[in-house]
Amino acid sequence: TLFGSRFERVPLSATARYAAWANGLAHERLSLERFREVTLVQPTWFFHRDVWEAAGRYDEDEARCDDLRFFHRHLARGGALCRV
């Protein structure tokens with residue numbers, strides 16, 4: 001399971017609509033909305049090392065969005081999401 005939490009932007013007006021959307025997602029929407037945007041914001045993630053290794057870690061190809069690619073690989077292998 002990949003865990004994440006709600007977050008606050010500083011300043012509060014920064015991306016207010018995105019923060020309200022992401023923080024307001026019900027548990028069942030965390031996976032359903034995954035192609036719209038990453039539903040658990042990466043700086044809040046925590047997970048067991050086994051999850052990290054099973055999903056292939058971050059890519060070392062220096063391409064962008066390695067957190068997004070990791071997120072989708074985790075879900076593609078049946079990984080769960082949970083907001084705490």
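For the numbers below, each heavy atom of this structure counts, side chains included, while hydrogens, waters and symmetry mates do not.
Through chains of ILVMFWY side-chain contacts below 4.5 Å, V51 is grouped with L2, F7, Y18, W21, L25, L30, V38, L40, V41, W45, F47, W52, Y58, L68, F70, F71, L75, L81.
The backbone N or O of A80 sits less than 3.5 Å from a side-chain atom of H74, completing a donor-acceptor pair. A donor-acceptor distance shorter than 3.5 angstrom exists from the side chain of T44 to the backbone of S5, with no hydrogens or angles considered.
Applying the salt bridge (Lys or Arg N to Asp or Glu O under 4.0 Å) test to residues at least two apart or on different chains, the pairs with a partner in residues 30-41 are R29-E33, E33-R36.
G56 approaches R73 most closely through the heavy-atom pair O-NH2, 3.7 Å. The shortest heavy-atom contact between R9 and T15 is NE-OG1, 3.0 Å.
Remark: H48 NE2 to E53 CD distance equals 9.0 Å, nearest 0.5 Å. Taking CZ of R6 as the reference point, atom CG of N23 lies at 6.5 Å (rounded to 0.5 Å).
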